[in-house]
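Contents: one structure, followed by commentary.
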There are 2 protein chains.
Amino acid sequence: MAGNTSGRKSTIYDIAKATGSSTSTVSMVLNGTWRRYRIKEETANRVLESARKLGYHVNMKARGLRLSRSGLAGMVLPHYRNRFFAGLAQTFEDQARSRGLCPIVVGTQRDPAVEASVTQTLLSQRVELLFIAGVRNPAPLNALCAAAGVPSINVDLPGDGAPSVVSDNRGGARAITDVLIDKLIARRESPDELILLGGIPGEYATAMRIAGFRDAFEARGIALKADAVDSCGYNAASARNALALRHEKLGRLPSGLLMNSITAFEGFVQFTSTLSPEAWRSAVVGCFDWDPFAAHLSFDVTMLRQDVQTIISEAFALADHYDPADRSVVLVPTGFGKMFEEAEQTKEFDR
Amino acid sequence: MAGNTSGRKSTIYDIAKATGSSTSTVSMVLNGTWRRYRIKEETANRVLESARKLGYHVNMKARGLRLSRSGLAGMVLPHYRNRFFAGLAQTFEDQARSRGLCPIVVGTQRDPAVEASVTQTLLSQRVELLFIAGVRNPAPLNALCAAAGVPSINVDLPGDGAPSVVSDNRGGARAITDVLIDKLIARRESPDELILLGGIPGEYATAMRIAGFRDAFEARGIALKADAVDSCGYNAASARNALALRHEKLGRLPSGLLMNSITAFEGFVQFTSTLSPEAWRSAVVGCFDWDPFAAHLSFDVTMLRQDVQTIISEAFALADHYDPADRSVVLVPTGFGKMFEEAEQTKEFDR
DNA sequence: CTGTTAGCGCCTTCAC
DNA sequence: GTGAAGGCGCTAACAG
């Protein structure tokens with residue numbers, strides 16, 4: 001097997017000794033800048049060959065120390081449990097790699113203490129930029145980065161300590177509400193029975209989505225019922241309970257439902273699975289976010305999908321022209337169903 | 001706001017100058033080892049205060065260079081799109097952090113070229129250990145790590161270049177097949193109509209699962225039909241097509257199905273959603289892997305769940321007592337349904 | 001109790 | 001064309 005047997009990693013000194021050249025020659029060759037220094041091709045080849053044989057890898061710690069560039073790009077996000085965050089992570093990795101950076105993404109479980117300590121760690125590793133995704137109050141993290149002179153960008157949830165790029169929740173809500181209202185009308189059902197379920201009062205995404213929901217009704221001059229919006233929380237259990245209450249009061253499922261998150265939608269599925277198929281197949285359902293299983297349920301379900309590609313591109317663009325004083329918020333449009341599916345391609349071996 | 005205004009990160013020299021002490025004093029204080037060196041508490045406080053004011057963070061690059069310890073733990077995995085890999089990533093991060101390491105996990109999309117280059121990058125960053133998950137042929141990656149003197153552990157898919165920890169696919173298949181056969185018998189249906197759908201002939205996990213599937217039948221003395229096992233591939237489309245063929249030939253759905261992956265199960269859901277509920281509600285279904293939506297579908301579905309906690313713990317244990325010559329394979333038992341759910345807890349704000 | 005110093009591995013400038 | 005030398009920020013002896 002190739003490689004040194006000593007267990008110690010090989011350095012440019014080892015290569016220099018092995019090839020009888022000097023460390024600077026080795027360095028130049030390994031960096032591809034040797035042509036500029038008119039180093040003999042033969043020498044270069046000898047060095048390259050030796051490096052391969054010794055199983056040499058640049059020590060980014062040393063290079064980074066010297067060049068004060070770590071080659072690391074960081075991203076913190078709550079978790080990988082839904083397609084949106086999984087897609088963000090994936091896209092971030094791809095784009096970071098294509099820029100020659102090593103992506104390093106960390107899940108924080110939405111724990112502010114973890115968020116802070118992870119940020120510190122990433123800063124210690126000297127990441128060259130940091131994307132902060134899905135953090136409710138990113139300001140302290142932005143401050144940390146600012147103090148270290150590292151560009152930080154807020155993603156998905158805006159903050160006032162750095163520029164942000166977020167999905168156009170309001171526009172998306174407006175669009176999906178329009179679709180659902182049209183469907184209800186086509187079925188000769190009353191649009192004002194449509195309810196928006198899930199989310200947290202006062203929370204940014206919820207507020208935006210409620211606004212978009214209202215926009216759609218206002219544009220048609222339809223009055224919203226008092227209980228049309230129920231911000232019962234994001235998680236499955238709360239949505240399930242809220243739905244059970246509605247079901248009991250109404251004696252049946254509402255004819256139209258817009259679920260405020262994939263987890264709320266989970267609660268919806270959990271509840272309806274206790275009902276008979278006839279009882280729920282007729283409901284018109286919409287959901288913020290997308291999931292492959294949910295998309296194929298036997299409902300008439302419309303799913304809003306976020307454009308992770310554009311979100312990440314915009315974030316990198318912001319980082320490129322980083323201005324510490326910039327507080328702009330970039331809005332990225334959403335789409336329906338299978339849009340933005342490129343990233344979902346599966347290989348033959350994927351399971 | 002705290003922090004230097006120069007944009008340059010502050011160093012221990014800055015602190016030393018600011019506090020009128022020497023770099024070693026600062027270093028000791030910052031490392032918490034100052035008590036041992038009997039440094040005056042007052043001095044220590046002065047240093048700490050100054051560090052805070054200057055927005056100082058250790059430069060792990062420099063410390064790593066000096067100590068030849070990077071504080072980085074690496075993991076490569078195919079993607080985050082299913083709960084198993086997402087759970088592996090999450091658990092890895094948690095355990096790495098609790099060991100004082102900075103987790104750095106990278107998705108490779110199952111592309112061998114990406115796998116290799118990512119490994120090189122991680123090695124360059126001087127990760128202290130590398131977990132290689134879901135890689136079909138980890139041998140080259142193991143070789144790379146070995147050459148660099150970095151412990152590597154294969155996870156999920158074993159390899160002969162390093163120790164491995166994998167789920168007990170055969171035992172799990174045996175157990176879930178038993179459950180399904182019992183259910184069929186309880187419904188007075190013939191167990192030999194149970195089929196195993198999905199996977200790739202010759203691939204490790206598929207082979208193990210087929211063996212377990214056979215074990216269950218053999219133990220009961222039931223003969224397996226010739227077409228009981230259909231390794232039609234892992235992805236949703238192939239499973240959907242294979243199922244459509246069966247459906248056409250049989251004139252109905254098979255009474256029992258064991259899907260070889262969550263993606264194959266996706267194909268199953270896609271196909272059955274085109275059928276009437278009566279046509280599929282009676283089927284007895286099983287699946288390797290778990291998903292929150294799939295778990296609440298209106299099927300009688302039994303899902304096998306992998307124990308990511310134990311898998312990662314075992315992998316760390318292997319890394320702790322790393323022996324380059326070790327080629328052992330640790331088998332981790334699987335469980336059903338909601339087992340191992342601790343990691344799935346969602347917070348109020350989770351969406 | 002605290003300061004001085006010698007590298008960790010690499011890159012770059014400047015002589016030769 | 002190539003070698004020597006300095007220094008990136010930090011730590012651990014070793015002197016005081």
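Reminder, nothing fancy here: chain letters follow the sequence lines and each chain counts from 1. Keep in mind that the numbers below use all heavy atoms, side chains included, and drop hydrogens, waters and symmetry copies.
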task = Scan for salt bridge (Lys or Arg N to Asp or Glu O under 4.0 Å) pairs involving residues 129-146 of chain B, sequence neighbours excluded, and state none if there are none.
result = none

key: Below 4.0 Å: OP1/OP2 of dG3(D) and any side-chain N or O of Thr25(A)   = yes

query = What is the distance, rounded to the nearest whole Å, between atom CD1 of Ile15(A) and atom P of dT2(D)?
reply = 16 Å

With Thr33(B) via side chain to side chain contact (heavy atoms under 4.5 Å, CB included) - residues at least two apart = Met28(B), Asn31(B), Arg36(B), Tyr37(B)

remark   = To the nearest 10 degrees, the angle between the two end axes of the helix from dC1(C)-dG16(D) to dC16(C)-dG1(D) (five pairs per end) comes to 50°

inquiry  = Using the side chain to side chain contact (heavy atoms under 4.5 Å, CB included) criterion, which residues pair with Leu65(B)? Sequence neighbours excluded.
reply    = Asn59(A), Ala62(A), Leu65(A)

request  = Would you mind listing every salt bridge (Lys or Arg N to Asp or Glu O under 4.0 Å) that reaches into residues 95-109 of chain A, with sequence neighbours excluded?
outcome  = Asp94(A)-Arg97(A), Arg99(A)-Asp320(A)

ask   = For Ile39(A) and dC11(C), what is the distance between atoms CD1 and P respectively, to the nearest whole Å?
value = 13 Å

query = Is there any salt bridge (Lys or Arg N to Asp or Glu O under 4.0 Å) pair reaching into residues 18-29 of chain B, and which pairs are they, with sequence neighbours excluded?
reply = none

Between C1' of dG3(D) and CH2 of Trp34(A), the distance in whole Å = 19 Å

For residues 138-155 of chain B, dump all side-chain donor-acceptor pairs below 3.5 Å to protein atoms at least two apart in sequence or in another chain.
{"residue": "Asn142(B)", "atom": "OD1", "partner": "Ser152(B)", "partner atom": "OG", "Å": "3.1"}
{"residue": "Asn142(B)", "atom": "ND2", "partner": "Pro138(B)", "partner atom": "O", "Å": "3.4"}

inquiry  = In this structure, how many angstroms lie between the C1' atom of dC8(C) and the CG atom of Asp14(A), rounded?
reply    = 13 Å

message = Just checking Phe131(B) against Phe316(B), ring centres under 6.0 Å apart?
response = yes

task = Would you indicate which nucleotide in dT2(D), dC8(D), dG3(C) comes nearest to any side-chain atom of Leu65(A)?
result = dC8(D)

query = What is the per-nucleotide protein-contact pattern of nucleotides 10-16 of chain D, from the 5' end, where B denotes a base atom under 4.0 Å from a protein heavy atom, S denotes such proximity for sugar-phosphate atoms only, and - denotes neither?
reply = BBBB---

query = Separation of Arg69(A) atom CZ from dT12(C) atom P, in whole Å?
reply = 11 Å

query = Which residues satisfy the side chain to side chain contact (heavy atoms under 4.5 Å, CB included) test with Asp326(B), sequence neighbours excluded?
reply = Pro163(B), Leu318(B), Asp323(B), Ser328(B)

